[in-house]
Number of protein chains: 2
Amino acid sequence: MSEIKETSTNFANKTALADECPEAYASNIIGGQWTLVICSWLLSGKMRFGELRKKLPNITERMLTLQLRKLEEHKIISRTIYAEVPPRVEYELTPIGYALKPVIKALESWGEEHRDLLNNQL
Amino acid sequence: MSEIKETSTNFANKTALADECPEAYASNIIGGQWTLVICSWLLSGKMRFGELRKKLPNITERMLTLQLRKLEEHKIISRTIYAEVPPRVEYELTPIGYALKPVIKALESWGEEHRDLLNNQL
DNA sequence: CTCATTACTTACATTTTATATAGTACCTAA
DNA sequence: TTAGGTACTATATAAAATGTAAGTAATGAG
């Protein structure tokens, strides 16, 4: 995560590609390691930070925070803080976040198909 | 690209996620910088190495080679070498590669929707 | 006062991915 | 003999993503 250098060739290439190709644009946004899985869980309703952490056994708090921040930045999820102690923060998909559902479903079914294919070749 | 360390936590996390979630599995395979764009071009028919390079103005030959190799490894594209001089190599989607079409289309339309949304908010 | 809980934050280290630059083999045509 | 096209390979380096380990604030329970 960290910052991206807006002077790097990599940044220029990503930007140029995203300008032309909506699929590359989309992939830049949801292409992270945990992004899709988080969205996948949130498709079934809002969740707290701690709940998400439990659903993603290997994620570190740092990574979860970073991913959630990125998703929030891209308006895919919304964040609601309740002024309680101990704190409570809930995450929920926005409409454009829910609109990812067909994408996730398409990826899921392709993934299964691809895995079956490779397994049958052994 | 280079090699991935099979002893790293990152590798373990990716593997574990991919085992459970077909969408994460799929994302690992087609999540690269240029992967989807290459597939997108190949959806309209087989292409030579040099043709692909022209379609992707900023890609280096090395990156194109690496991406093509990775796609070939994952059985998404096939590679045909013609014993000519100068050499000719053609790349074509396999059936499972063509099966990416709905995924790409879903990503495209989500990407456009998302971009429109953000633009309208300015 | 001390501890526990929750949702973080920070500093740093490591791993993975991407780019830059130069070179190779092959034959052909001039 | 020399130049040229095609599809690469090798090596080095930069950048980005991910992981580790520790610490923070607020407050209510004991």
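So you know, we letter chains A, B, ... as the sequences are listed, proteins then strands, and number each from 1.
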Among [options], which nucleotide sits nearest the side chain of [X]?
| X | options | answer |
| --- | --- | --- |
| A/Phe49 | C/dA7, C/dC26, C/dG23 | C/dA7 |
| B/Arg48 | C/dT6, C/dT17, D/dT6 | D/dT6 |
| A/Pro87 | D/dT18, D/dC8, C/dT6 | C/dT6 |
| B/Val85 | C/dT19, C/dC26, D/dC8 | C/dC26 |
| B/Gln33 | D/dA16, C/dT16, C/dA18 | C/dA18 |

Touch class at under 4.0 angstrom, heavy-atom based, for A/Tyr82 against every strand present: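 No contact.
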
Touch class at under 4.0 angstrom, heavy-atom based, for A/Arg53 against every strand present: nothing

Rounded to whole angstrom units, what separation is found between the [atom1] atom of [X] and the [atom2] atom of [N]?
| X | N | atom1 | atom2 | value |
| --- | --- | --- | --- | --- |
| B/Tyr91 | D/dA7 | OH | C1' | 7 Å |
| A/Leu56 | D/dT18 | CG | P | 13 Å |
| A/Lys14 | C/dT19 | NZ | C1' | 13 Å |
| A/Met63 | C/dA7 | CE | P | 19 Å |
| B/Asn28 | D/dA17 | CG | P | 15 Å |
| A/Leu66 | D/dT18 | CG | P | 9 Å |
| B/Glu84 | C/dC26 | CD | C1' | 12 Å |
| B/Glu51 | D/dG5 | CD | C1' | 15 Å |

Between [X] and [Y] (side chain of the first, backbone of the second, donor and acceptor by atom type, cut-off under 3.5 Å), is there such a pair?
| X | Y | value |
| --- | --- | --- |
| B/Ser27 | B/Glu23 | no |
| B/Thr65 | B/Glu61 | yes |
| A/Trp110 | B/Gly97 | no |

Residue mapping more 5' on DNA chain D - nearest nucleotide basis, B/Glu90 or A/Glu6: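 Checking each residue's closest nucleotide, the 5'-ward one belongs to B/Glu90.
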
Closest-nucleotide 5' rank along DNA chain D - winner of A/Pro86 and A/Phe11: A/Phe11

For [N], does either OP1 or OP2 sit under 4.0 Å from a side-chain N or O belonging to [X]?
| X | N | answer |
| --- | --- | --- |
| A/Thr9 | C/dA18 | no |
| A/Arg88 | C/dA7 | no |
| A/Asn13 | C/dA18 | no |
| A/Lys70 | D/dT18 | no |
| B/Asn10 | C/dT14 | no |
| B/Arg79 | D/dC8 | yes |
| A/Gln67 | D/dT18 | yes |
| B/Arg69 | D/dC8 | yes |
| A/Thr60 | D/dT18 | no |

Hydrophobic cluster identity match, B/Ile77 and B/Ile81, side-chain contacts under 4.5 Å: yes

Gap between atom CZ of A/Arg48 and atom NZ of A/Lys54 - 0.5 Å precision: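 Result: 8.0 Å between the selected atoms.
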
Inter-residue atom distance A/Leu68.CG - A/Met63.CE, 0.5 Å rounding: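 The distance works out to 10.5 Å.
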
Side chain B/Arg62 and base C/dT19 donor-acceptor under 3.5 Å: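 When only heavy-atom distances are counted, B/Arg62 does reach the base of C/dT19 through a donor-acceptor pair under 3.5 Å.
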
Test applied, side chain to side chain donor-acceptor pair (under 3.5 Å); reference residue, B/Tyr25; option that passes from A/His114, A/Glu108, A/Arg115: A/His114

